[in-house]
Amino acid sequence: MKDIPPRYNPKDHEESIYSKWENSGFFHAEPDFSKKPFTITIPPPNVTGILHMGHALNNTLQDILIRWKRMQGSASLWVPGTDHAGIATQNVVERNLHEKGITRQELGREKFVEEIWKWREKYGNTIIMQLKRLGASCDWKRTRFTMDKGLSEAVLEAFVQLYNKGLIYRGNYIINWCPRCRTALSDEEAPHQNVEGKLYYILYLFKESGEQRAESKEGVVVATTRPETMLGDVAVAVNPKDKRYKKLIGKKLILPLTEREMEIITDDFVDKKFGTGAVKVTPAHDSDDYDMAKRHNLEPVTIMGPDGRMNENAGRFSGLDRFEARKLIVAELEEKKLLIKIEKHDYAVGHCYRCHTVIEPYLSLQWFVRMKPLAEPAIEVVKRGKIKFHPKRWTKVYLNWMENIKDWCISRQIWWGHRLPVYYCQKCNAVIVSKVAPEKCQKCGSQDLKQDEDVLDTWFSSWLWPFSTLGWPEKTKDLRYFYPTAVLVTAPEILFFWVARMIMSGKEFIKEIPFSDVYIHGTVRDATGKKMSKSLGNIIDPLDIIDEFGADALRFSIIAITSAGQDVFLSKEKFEIGRNFANKIWNASRFVLMNVGASELQGTGALEKENLNIADKWILSRLNRTIEAVTKALKNYKFNEAESLVYDFFWHDFCDWYVEMVKPQIIGQSAESKERRTGEILIHVLESSLKLLHPFMPFVTEAIWQNIKERESIMIAAWPEADKHYIDKKIESDIEIVKNIIVNIRNIRSDMNIAYSKKLTVGLAPLRQGVGSVISDNAEYIKNLAHLDKLTIDENFIRPKSCLSAVAEEFNIFIPLEGVIDVAAEKARLTKKQDLLKQQIVFTEKKLKDKNFINNAPEEVVRAEHEKAEKIREQIDRLGKTIEDL
RNA sequence: GGGCUUAUAGCGCAGUUGGUUAGCGCGCUUCCUUGACAUGGAAGAGGUCACAGGUUCGAGUCCUGUUAGGCCCACCA
């Protein structure tokens, strides 16, 4: 017997266990056509990332599934990796350089990209290391990075394929532009956020009003939230049905602060009700205006540069930051009396998802993916149920987005990422799209070719992840075996960014869905409901929690408080749940190992039914029921339900009852007289429980598994199968009676302040057929657990004069305590019990007198209600008699 | 503006297809170091299930509305 300390200290085990696992090779999976594959590809964290609670939750969920399936005998593969996270990473490295006083422009593209690679070498594995501390059983040999050679190959292949199908095009459009990151963004990367803004009403004077005499008020008032963009106005539009402006259509206006002449045009797009019903048309800085200008053949005027500063078209405002320019322009308009009024106006404006800068709608030449044709099959597979979302409600969100999908802007004006496989002939302007750099122009033969400067959106590589990690575009064995993957586990934030696009790419490039189930878990928030973020300073660092409570505690706790798809509210104390439970498991095992002999450890399979007593049958019934329920819960992605089932079984059934019941049978007994059967059952139930717990708490279960005896990892032990012939309702209800008796006696002790040390003599009167034998079969258990020295069972029990009593459905309890009993107190106690029952009977009888109930409710419900009433009445009577007798 | 989601004990949450005495964890009260565990054990107290209607013999559970949170989407300048 090893010396096992009375406390589970995670630090003594986690590191060594993890390295043993890694060395064992059990994390690694190869195609094995004799087994079923079970594949998960990790949502690749950003290479700049450090582990936060969202990751902890996300990866714990995946590891639970992976470990569970591995134990079930699948070829369980969890592909790990990181995402190059174009903009985010470029920003980080740029900031580092900045601290050294270097800009990336000074460094130049090549050197700068080199710097990023160096940075990645140094810090890029941080999050991977952190995942290991969590216990993640990823196949690390297969760790991928979106900029790896193979994955980059996949990106080029995808681009070329789509281009050749006409699904990628280049064009001049208004896109979301981040002036700080100086790149285009997709719509998803520029989420709208509400801001408290202002609506400026500006007077545009008629040309014929001559010199800008505001006093005349002869002109049109337009309303805008972004007055600085007026410098790019090319017209004012009104709704053709708007009577107020009918006469003014075609009239010439002078753009204030400039000399520009413009016309009043009509367009159905204009909303009569908003503002003044007249809208300034700024095609280069607003996408609606751009469309409108196109309809009217108006040339856009760009007044801002990529840095968010006004350009030469802004005249004397040139060089000013856009918000500076706004202030100045507003001031000048006011001075000229052209600013009619300013209203408070809250509206939503796009913000860069990386740096939170206000997005500028910006006219520029970019590359796009035509999404509608890709979306169609991806809508189909979800509608037909080939891909299921858990919880279901996300299906609607997904479909709604997919059905309104817009083209995807994929070019980014940054340096870190996959460069577009696009080459321009400098001579004839031909565009060549090719995976490898062409030697000469296919059209004119010129060798003067230049590759496009832009890189692709990070998500253009992530959307290939489920198959690029398995070797695509090569037709690999891995791809054939492990694809499609089983389930995608993710947070709702990246449903559109990533999940939807993976479904599209899977259907497009492999012709097969990438996964059949999508499990979407909640967002991790702090105790007050705020999203955890560095800037809010409300982060709970998972590594701190692992240090303080252990990885198992972190894992168990976070799952325990996560109900399907609901957000998770965290505070440090919550991790005590898991820590305490790990300790409980540790100590229960310690008890078992301290009291079980070597022979039982071998497990001779003495679990034959005829060898079992009632307690054994009961715990095996509960065990098998639990196995069944836990497996079912996992199948349905009900993680917290699965967990609480094992928790309740292990702590309450096994520790609180079974172990307590059998204690005297094995403690202090000599090796020969020890009940061998009990020992084997203890081991069997313990081992089964460890297996059920292993996916949730891998470290402590492994540590104990090895304490029991040296052997291979619990990681590859077979997942328990429920053996239904152990499930026994009769035994379970018998044990309920036994527990009820014990609780009743303890109750009396507690109510009447009888010390535990005082052993009691108790008389039990069974009231129903069969109860007597249940009691006598379990007399020893009752005596031990209720701390009795004598237990008399007699149907015709004659109640001694002075005694404490309990009355239950199945039995009466008498505890004679001559001379000790406080009659008044006992009377009060019993009367209180009786009152409770009386309240119940009133309610039940009322129900039974209700004709509607009797006539309409199913027969069995009515009968059950009658039986219930009968039992309550009986108990009230018995209590009454008992009180009288006192 | 559209959609989703939440409201159950002081706090955090479960409550499967409508039928229990409405559960669990933390906290609280009382007792207990009884040979695994005080990160423990035993016994308790605490809820008119947000509000108002409706369906039903019966509603925490289904429907409608209201209120109050939260989230996502959206081109009203």
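Throughout, protein chains are lettered first and strands after them, A, B, ... in sequence-line order, and every chain is numbered starting at 1.
Between B:G46 and B:G40, the two C1' atoms lie 24 Å apart (nearest whole Å). To the nearest whole angstrom, the two P atoms, one in B:C11 and one in B:C28, are 15 Å apart. For B:A68 and B:C51, the P atoms lie 16 Å apart once the distance is rounded to whole Å. Straight-line distance between the P atoms of B:G19 and B:C73: roughly 38 Å, to the nearest whole Å.
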Quick one: which protein N/O atoms are closer than 3.5 Å to N/O atoms of nucleotides 74-77 of chain B? Pair and distance per line, please.
from	atom 1	to	atom 2	distance (Å)
B:C75	OP1	A:K406	NZ	3.2
B:C75	O2'	A:D288	OD2	2.9
B:C75	N1	A:D288	OD1	3.4
B:C75	O2	A:D288	OD1	3.3
B:C75	O2	A:D288	OD2	3.4
B:C76	O2	A:D271	OD2	2.3
B:C76	N3	A:D271	OD2	3.0
B:A77	OP2	A:H345	NE2	3.2
B:A77	N6	A:D271	O	2.6
B:A77	N6	A:F274	O	3.3
B:A77	N1	A:D271	N	3.1

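Contact annotation: A:K392 side-chain N/O to B:C4 OP1/OP2 distance is not under 4.0 Å. Applying the 4.0 Å criterion to OP1 and OP2 of B:G19, one finds that A:K847 has every side-chain N and O outside that range. In this structure, A:N856 does not reach the B:U56 phosphate: none of its side-chain N or O atoms is under 4.0 Å from OP1 or OP2. Of the side-chain N and O atoms in A:R746, one or more sit less than 4.0 angstrom from OP1 or OP2 of B:A43. Using a 4.0 Å cut-off, no side-chain N or O of A:K584 falls inside it from OP1 or OP2 of B:C37.
Taking the six-membered ring where the residue is Trp, the centroids of A:H390 and A:Y637 are separated by under 6.0 Å. Aromatic rings from A:Y658 and A:F649 are positioned such that their centres are separated by 6.0 Å or more. Aromatic ring centres of A:Y398 and A:W394 lie farther apart than the 6.0 Å criterion allows. Aromatic pair A:F581/A:F556: ring centres closer than 6.0 Å.
A cation-pi contact, defined as under 6.0 Å to the ring centre and within 45° of the axis, links A:K663 to A:F591. Geometrically, A:R7 does not engage A:W586 in a cation-pi contact, judged by NZ or CZ lying under 6.0 Å from the ring centre and within 45° of the ring axis.
Ring-plane geometry between A:Y362 and A:H285 is classed as tilted, the angle between the planes lying from 30 to 60 degrees on a 0 to 90 degree scale. Note on ring orientation: taking the six-membered ring where Trp is involved, the planes of A:Y347 and A:H345 are parallel (angle under 30°, cut-offs 30° and 60°).
A:N176 and A:D187 are linked by a side-chain donor-acceptor pair at a separation below 3.5 angstrom, with hydrogens and angles left out of the test.
In this structure, A:T229 and A:D233 approach most closely via the heavy-atom pair O-OD1, 3.4 Å.
What separates CG of A:N852 from C1' of B:U56 is a distance of 10 Å, to the nearest Å. Summarising the geometry, the separation between CZ on A:F843 and C1' on B:U48 is reported as 12 Å, rounded to the nearest angstrom. For A:L848 and B:G19, the CG to C1' distance is 13 Å, given to the nearest whole Å. A straight line from CZ of A:R393 to P of B:C73 spans 15 Å, rounded to a whole angstrom. Here B:C72 presents its P atom at 21 Å from OH of A:Y398, a figure rounded to the nearest Å. Distance CD (A:E573) to P (B:U39): 16 Å, rounded to an integer number of Å. In this structure, A:R590 places its CZ atom 10 Å from C1' of B:G35, rounding to the nearest Å. Spacing between atom NZ of A:K396 and atom C1' of B:C4 amounts to 8 Å, rounded to whole angstrom units.
A distance of 11.5 Å separates CG in A:D346 from OG1 in A:T225, rounded to the nearest 0.5 Å.
Residue contacts shown for A:N400 are absent, as no nucleic acid heavy atom lies under 4.0 Å away. Across all strands, A:F496 comes closer than 4.0 Å only to sugar-phosphate atoms, never to a base (heavy-atom distances). Among the atoms of the strands shown, none is found under 4.0 Å from any heavy atom of A:R749. No engagement by A:N753 is indicated, since no non-hydrogen atom pair under 4.0 Å with the nucleic acid exists. Within 4.0 Å of A:P191, counting heavy atoms only, lies no atom of the nucleic acid at all. Among the heavy atoms of the strands, none lies under 4.0 Å from A:K759.
Proximity of residues 576-583 of chain A to RNA chain B (heavy atom under 4.0 angstrom from any strand atom) is restricted to A:I577, A:R579, A:N580, A:N583.
When the nearest nucleotides of RNA chain B are assigned to A:V743 and A:I854 by heavy-atom distance, the more 5′-ward of the two goes with A:V743.
Consecutive Watson-Crick or G-U pairs involving RNA chain B, each under 3.5 Å on both distances, make up stems of three or more pairs at B:1-7 with B:67-73, B:10-13 with B:23-26, B:28-32 with B:40-44, B:50-54 with B:62-66.
Donor-acceptor pairing under 3.5 Å, judged by distance alone, is present between the side chain of A:E660 and the base of B:A36.
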- Item | Residue pair A:Q665, A:Y781: steps toward the side chain to side chain donor-acceptor pair (under 3.5 Å) verdict | CA-CA 10 Å; A:Q665 286 164 230; A:Y781 297 139; 3.3 Å; yes
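Looking only at distances, no side-chain donor or acceptor of A:T701 sits under 3.5 Å from a matching main-chain atom of A:L693.
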